[in-house]
**Student:** 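Structure incoming, see below.
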Amino acid sequence: MLCTRRSYMCFFKAPWVKPSSGSLNFTVNCIMLWIYCRTSHILKMIMKGQKRKLPPEDVEVSDRTSLAWESQRQFVFSVSLSKYQRGQELPEPSLRRSVLIANTLRQISLEPCRAPPVDMELSLQSLPCSSTSTVQAKEWDNTHGGTVTMQNNHLTLASPPLVSSCSSPAISSILSSLDSTIDGSSQTAARTPLRALENLSDGGVSALKQGLRWSGGNWEQPEECRARENISVEAMRSSYLGDLTVDDLFQDIDTSLLERDMGGMWRGSADGHSAGDDLLRYLPSFTSSQSFSLSLNQKCLPSFSSFSPSSSSLSLPLPTPSLFSNPSLMRDGLELDHLMEILVES
Amino acid sequence: MENTKSINAEYLHSDIISTVEFNHTGELLATGDKGGRVVIFQREPEVSILQGEYNVYSTFQSHEPEFDYLKSLEIEEKINKIRWLPQQNAAHFLLSTNDKTIKLWKVSERDKRPEGYNLKDEEGRIKDISTVTSLQVPVLKPMDLMVEVSPRRVFANAHTYHVNSISVNSDYETYMSADDLRINLWHLDITDRSFNIVDIKPANMEDLTEVITAAEFHPYHCNLFVYSSSKGTLRLCDMREAALCDKHSKLFEEPEDPSARSFFSEIISSVSDVKFSHSGRYLLTRDYLTAKVWDLNMESKPLETYQVHDYLRSKLCSLYENDCIFDKFECAWNGSDSVIMTGAYNNFFRMFDRNTKRDVTLEASRESSKPRAVLKPRRVCAAGGKRRKDDISVDSLDFTKKILHTAWHPTENIIAIAATNNLYIFQDKLNSEMH
């Protein structure tokens, strides 16, 4: 793990970094990189089902508080996930099978879970994961095609104890991607930059807010989260970063496109400001920052674009300047949110 | 039951039998396999010494693998269902379907041929006119029986999803085909149009939670049909009510037992097959662990529930992991609707007598099925339970040997069992009562 991280860090001394703020960008991006590496590692473990053990038998496991029930729940969850993915890799997935697996996943995610600590549960319940935002998240998922969205939702689903109502967009996107496969609608259509942003409208914003709030909820346990994070993240949080504002860090990023299309929506949302705050919490060095306006939030978003995963794997792509003006930033932002969730879970 | 015949074949994937169906008289038995072939067996007349055995009557390639260029997908040639049409003349007609296309085949015999042509000789060569001195009338002479099969209709391009059922209507003019989300009504003579009568596809595919698993017309009410779903519900629809029968006339659903709830409750409640009784009064359904008989007049719960292999209830987790939980078993009524039959694992199949409430487990395997031998009842004992001699423990069941397709002769006690690539035909020789 450490080796991987190191190699990525070396790799990431990219020429696009401006000399004046070279080391700073490197620092920020390294944090993201670490998150990525760790997440891909975790996901690979889950996806490949590395735990090859006897499945927990459900003989009279009616006691929902028992460990046996919980272990069975986790087992069924991971098996369902890998089953679904394997089914999707087939040229023609069976609709009946996929629907049954998706329903099982949904049922598991809705089961009351005893694994997370009580305060986490409270923070979960306080999250306004409303049905409206769920529906809008689905819309957003739809516009971005099946494959990438599936990845997002894989990431979401891979954190079982925290999966509650926010996995329903995952499951809905599973079915929508299935539909697109079966109906032959173009799943790999080239996404023109403007179209993606136009389609976002309310849906994308709400989805992001939902995702952000979700992750914001995770961050309500700062001690627990940080204890499990990489030590280098702590090391990164050096004092010189505290003097900077977000503006300084991302001044080289072209957010004109983002501002034009996102400005109205973000400002119009009732609690957009809290979403922006949540977003900034991802950068641990900035949690102490107080006065961030919405415009700054918009500028923060493009920072995730450099970590957009390729469509079929979680390998780290080569960042290019053009990515920053790519309106798939929102999507990438949400992806990184999910990565954060995975991290917290680990 | 006495074993009269077992037909063996080289075990290729394409040889796996995927459907079995007797015709309306029981004289013909059709099987379809994964290679797209249909093999029809005919029963020898009982007057002969062979005592009514089934022999191969005809073999033909019904469906070929196709390629959907639009979706870049290959369409399997596997025959999902065969249904015979009631016989109206000397020829026999059957419908066979794969995932996308239904075909109507005409099976006819030719046992005479004309001889004595004036312009052609016996081999068919044109005669030299100068050698013809007189005219003769061609006459029909007997010849060796030849069975000719020809495709009469091809009903294509009506299903986006995989066709799982076809059912011929009692009006002998229409039939329906059902896929995962839609049911279409066809006229047997018209191939370029079909009417959609059920559509459960939601506006947003994300809201999809239920698919159609089987459908069948009522045996004599040509306006009624039933379809089953993956959630364990049955819907009886009346085509007189509306053109689109999305709204059911009757909904048959058994309330879930909360104490038996598990992660797999929904999967095991998915109905894999539904069959009307010959009387038209009852419905037989099969889900993963049980077979249920429903009365059309009672929607709240089934009339009878038969446990097919309840010893698997504690193994659902493993069966989910190895995908066996998704197996779709068929079920069958006997001619008098007094006995129901369905398949299980380890090449076992089960019969339940509805009147005496007795049941029996039999095995379809070459080792235990010597010709003319009487099948020995088998027993599966739960793991760790008291075990008698010849019992099989749950843990030693072979889950790759599954009997998914079974058929019962319409009037006599003759059953056809498809065990992977083998077809077993068992006959009860004593009398019509099961013993």
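Just so we're on the same page: letters track the sequence lines, and every chain starts at 1. Every value quoted in this text rests on a predicted model; they were computed, and no experiment measured them.
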**Student:** Enter the distance from A:R97:CZ to B:I325:CD1 here, rounded to the nearest 0.5 Å.
**Tutor:**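 Spacing of CZ (A:R97) from CD1 (B:I325) equals 11.0 Å.
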**Student:** Side chains of A:S80 and B:Y320: any donor to acceptor distance under 3.5 Å?
**Tutor:**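 Yes.
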**Student:** Between B:F326 and A:I101, is a side-chain contact (heavy atoms from CB on, under 4.5 Å) present by the stated rule, with each step listed?
**Tutor:** CA-CA 10 Å; B:F326 297 106; A:I101 294 172; 3.7 Å; yes
**Student:** Heavy atoms only: give me the nearest B:T209-A:N103 pair and the separation to one decimal.
**Tutor:**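 Closest pair (atom of B:T209, atom of A:N103, distance): O-ND2, 2.8 Å.
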**Student:** Within a 6.0 Å radius of atom CG on B:N157, are there more than 12 heavy atoms belonging to other residues, nucleotides or ligands?
**Tutor:**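 At most 12 heavy atoms, drawn from other residues, nucleotides or ligands, come within 6.0 Å of this atom.
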**Student:** Test side-chain contact (heavy atoms from CB on, under 4.5 Å) on A:L95 and B:L208 and set out the steps.
**Tutor:** CA-CA 10 Å; A:L95 188 63; B:L208 179 67; 4.0 Å; yes
**Student:** I would like to know whether A:F75 and B:F263 meet side-chain contact (heavy atoms from CB on, under 4.5 Å); could you show each step before the answer?
**Tutor:** CA-CA 11 Å; A:F75 175 79; B:F263 295 117; over 6 Å; no
**Student:** Is B:E76 close to chain A through its backbone or its side chain, or both, or neither, when contacts mean heavy atoms under 4.5 Å?
**Tutor:**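 No part of B:E76 comes within 4.5 Å of chain A.
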**Student:** So which part of B:N164 gets closer than 4.5 Å to some heavy atom of chain A, the side chain, the backbone, both or neither?
**Tutor:**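 Neither part, no heavy atoms under 4.5 Å.
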**Student:** Test side-chain contact (heavy atoms from CB on, under 4.5 Å) on A:R96 and B:H162 and set out the steps.
**Tutor:** CA-CA 10 Å; A:R96 169 184 168 260; B:H162 294 177; over 6 Å; no
**Student:** Checking heavy atoms, do the side chain of B:I212, its backbone, both or neither come under 4.5 Å from chain A?
**Tutor:**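 No part of it gets close to chain A.
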**Student:** Heavy-atom distance under 4.5 Å to chain A: side chain of B:S72, backbone, both or neither?
**Tutor:**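 The answer is neither part of B:S72.
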**Student:** Is the shortest side-chain heavy-atom distance between A:R106 and B:E266 below 4.5 Å?
**Tutor:**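 Side-chain contact under 4.5 Å: no.
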**Student:** Given heavy-atom pairs under 4.5 angstrom as the criterion, report whether the side chain, backbone, both or neither of B:S230 touches chain A.
**Tutor:**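 Interface part for B:S230: both.
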**Student:** Using a cut-off of 6.0 Å, state whether more than 12 heavy atoms not belonging to B:Y69 lie near its atom OH.
**Tutor:**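 At most 12 heavy atoms, drawn from other residues, nucleotides or ligands, come within 6.0 Å of this atom.
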**Student:** If you draw a 6.0 Å radius around NZ in B:K401, do more than 12 non-hydrogen atoms from other residues or ligands fall strictly inside?
**Tutor:**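 It does not: B:K401 NZ has 12 such atoms or fewer within range.
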